[in-house]
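Take a look at the structure set out below.
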Amino acid sequence: MGLFSRRKGSPGPDEPSRPGSGGHSGPRRVDDALTMFEESDAATFRSTVRETLAEMGFEVTVLADHVTTDDGRQWGLWNLGAGCAGTPHDQWPATVRAHFTTVMAGADDEPLTAAYLEAHVVSRLMEEDGLRQTPDWVDRGLEWAPGVREVVVVDTPETVQVLPPAAFEEFRPLGPWFDRGLANLRAQLDTETFQLEAVTHGDSTFWCLLGDSVYTASLALLLPDVVQRYAAQPLSDKGVLFAIPFRHQLAFHVVDEPQAALDALMVMPQFAAAGFLEGSGPVSPSVFWWQEGRVRQVSTMTADRRLSVTPGPELEVLLGMTRGDEA
């Protein structure tokens, strides 16, 4: 069934509120990835970043919301963009230079040894389309869900970088590093602060976990732990509907009572798509269904930003949409 056919614009009066999305009022030609800029300013900003880094001796690929180097290092542009937005363009080169001088100095402090990686690798969920634009993207992640890859990143106080190709070769086999990354991610449940908010729209209610950590959405890798810890709600064998719109947000609804879950599914796709389009560090515009470790896509967004929801036979039965003998 097709639901929520719309294009991106200002939030309509019948849309649910989006915790942590920092939405804006009124239609503007804002940049899709760096929403602190209008499109023309975003283009100027990216050009400034490329030219300034070249002057510093770094040839980089400038993508929508981050830059990458040939050796696989990656730096986000959101915080830098926020620092440049609203300031004169002629001040941007100095701001960019100061930012990357600090970032790159920190990145060179420690060599990538096995001991260092054990303490600093973290498993992270990232948008596949973004990874396709980085060198050797296929070798850098596991397909976790349609359009989403699980990757191992090296987390330091100054930078977060995808494990570079040389490290992939040097530290094979890779399986133990994904295990270590997941363990370090799990530690964030004890060391980081997250906020749980109820999102209510009409008869629909679901939970949204928010956090300053760039790994908040990646906690979907630990979905049973998150649900039991923050929602104080036991998992049923019917699973969980969830969305990871952008890196600071994880929305979910435990599938228990069929009508409540169906009501949530009538709203979550629009919520996920809006967060993906407007949030910092987009991950996925889709809603997924987690059941006993298996992840299946429930909603999709087309290139022209139209939404459709396809629960599939098994979920339709659990939601009371069809009987088991009709599935």
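FYI, side chains are in, hydrogens and waters are out, and symmetry mates aren't considered; it's all heavy atoms of this structure. Predicted model only: the values in this text are computed from it and were never measured. Heads up: numbering here begins at 1 and tracks the sequence.
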From [atom1] ([X]) to [atom2] ([Y]), nearest 0.5 Å:
{"X": "Leu319", "Y": "Leu265", "atom1": "CG", "atom2": "CG", "result": "6.5 Å"}
{"X": "Asn184", "Y": "Asp179", "atom1": "CG", "atom2": "CG", "result": "11.0 Å"}
{"X": "Phe271", "Y": "Cys208", "atom1": "CZ", "atom2": "SG", "result": "4.0 Å"}
{"X": "Met126", "Y": "Glu150", "atom1": "CE", "atom2": "CD", "result": "12.5 Å"}
{"X": "Glu278", "Y": "Asp32", "atom1": "CD", "atom2": "CG", "result": "10.0 Å"}
{"X": "Leu250", "Y": "Leu223", "atom1": "CG", "atom2": "CG", "result": "6.5 Å"}

Determine whether the aromatic ring centres of residues Phe37 and Trp92 are separated by less than 6.0 angstrom.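 Ring-ring flag for Trp92/Phe37: true, centres closer than 6.0 Å.
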Heavy-atom check, side chain of [X] versus side chain of [Y], under 4.5 Å:
{"X": "Glu128", "Y": "Val148", "value": "no"}
{"X": "Met56", "Y": "Phe100", "value": "yes"}
{"X": "Arg50", "Y": "Glu59", "value": "no"}
{"X": "Phe194", "Y": "Tyr230", "value": "yes"}
{"X": "Val298", "Y": "Phe288", "value": "no"}
{"X": "Val255", "Y": "Leu241", "value": "yes"}
{"X": "Thr48", "Y": "His89", "value": "no"}
{"X": "Glu127", "Y": "Phe276", "value": "yes"}

Using the side-chain contact (heavy atoms from CB on, under 4.5 Å) definition, which of the options Leu209, Val240, Thr216 pairs with Val226?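 Testing each of Leu209, Val240, Thr216 against Val226, the sole residue satisfying side-chain contact (heavy atoms from CB on, under 4.5 Å) is Leu209.
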With no hydrogens and no angle check, do the side chains of [X] and [Y] hold a donor and an acceptor under 3.5 Å apart?
{"X": "Ser286", "Y": "Gln297", "answer": "yes"}
{"X": "Glu197", "Y": "Gln195", "answer": "yes"}
{"X": "Thr95", "Y": "Gln91", "answer": "no"}

Do the side chain of [X] and the main chain of [Y] share a donor and acceptor less than 3.5 angstrom apart?
{"X": "Glu257", "Y": "Gln259", "answer": "yes"}
{"X": "Asp203", "Y": "Ala260", "answer": "no"}
{"X": "Asp155", "Y": "Val121", "answer": "no"}
{"X": "Ser299", "Y": "Val287", "answer": "yes"}
{"X": "His66", "Y": "Trp75", "answer": "no"}
{"X": "Trp289", "Y": "Lys238", "answer": "yes"}
{"X": "Arg124", "Y": "Tyr215", "answer": "no"}
{"X": "Ser47", "Y": "Ala43", "answer": "no"}
{"X": "Ser218", "Y": "Leu125", "answer": "yes"}

Non-hydrogen atoms of [X] and [Y] that approach each other most closely:
{"X": "Val295", "Y": "Ala145", "answer": "CG1-CB, 3.8 Å"}
{"X": "Glu316", "Y": "Pro311", "answer": "CG-CB, 3.8 Å"}
{"X": "Val152", "Y": "Trp177", "answer": "CG2-O, 4.0 Å"}
{"X": "Glu192", "Y": "Ser213", "answer": "OE1-CB, 4.3 Å"}
{"X": "Ala273", "Y": "Met301", "answer": "CB-SD, 3.9 Å"}
{"X": "Pro245", "Y": "Ala272", "answer": "CB-O, 3.5 Å"}

Step by step, would you call Trp207 with Val199 a side-chain contact (heavy atoms from CB on, under 4.5 Å)? CA-CA 6 Å; Trp207 295 107; Val199 180; over 6 Å; no
Under the side-chain contact (heavy atoms from CB on, under 4.5 Å) rule, what do Ile244 and Gln249 come out as? Steps first, then yes or no, please. CA-CA 6 Å; Ile244 43 176; Gln249 194 176 75; over 6 Å; no
More than 12 foreign heavy atoms under 6.0 Å from CG of Asp225: is that the case here?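 Yes, the 6.0 Å shell around CG holds more than 12 heavy atoms from other groups.
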Please say whether more than 12 non-hydrogen atoms of neighbouring residues, nucleotides or ligands are located less than 6.0 Å from CG in Asp212.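 Counting other residues, nucleotides and ligands, CG of Asp212 stays at 12 neighbours or fewer.
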Stepwise, does the salt bridge (Lys or Arg N to Asp or Glu O under 4.0 Å) test hold for Arg149 with Asp129? CA-CA 10 Å; Arg149 291 222 159 209; Asp129 284 348; over 6 Å; no
Under the criterion side-chain contact (heavy atoms from CB on, under 4.5 Å), I'd like the reasoning laid out for Leu77 against Val62: C-alpha separation, chi angles, the key distance, then a yes or no. CA-CA 9 Å; Leu77 294 177; Val62 181; 4.2 Å; yes
As a quick check of understanding, evaluate side-chain contact (heavy atoms from CB on, under 4.5 Å) for Leu222 and Leu182, giving each step before the final call. CA-CA 8 Å; Leu222 307 170; Leu182 196 62; 3.8 Å; yes
Looking at Arg97 and Glu55, is there a salt bridge between them, counting it only when a charged N and a carboxylate O are closer than 4.0 Å?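 Salt bridge flag = yes for Arg97 with Glu55.
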Thr52: what forms a side-chain hydrogen bond (donor to acceptor under 3.5 Å, both in side chains) with it, not counting sequence neighbours?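 Not a single residue meets the side-chain hydrogen bond (donor to acceptor under 3.5 Å, both in side chains) criterion with Thr52.
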What do the steps show when you test Phe206 against Phe242 for ring-ring contact (aromatic ring centres under 6.0 Å, His included), and what is the final call? CA-CA 9 Å; Phe206 56 91; Phe242 74 95; over 10 Å; no
Per the salt bridge (charged side-chain N to carboxylate O under 4.0 Å, His left out) rule, which among Asp65, Asp31, Asp41 passes with Arg46?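 Exactly one option meets the salt bridge (charged side-chain N to carboxylate O under 4.0 Å, His left out) with Arg46, and it is Asp31.
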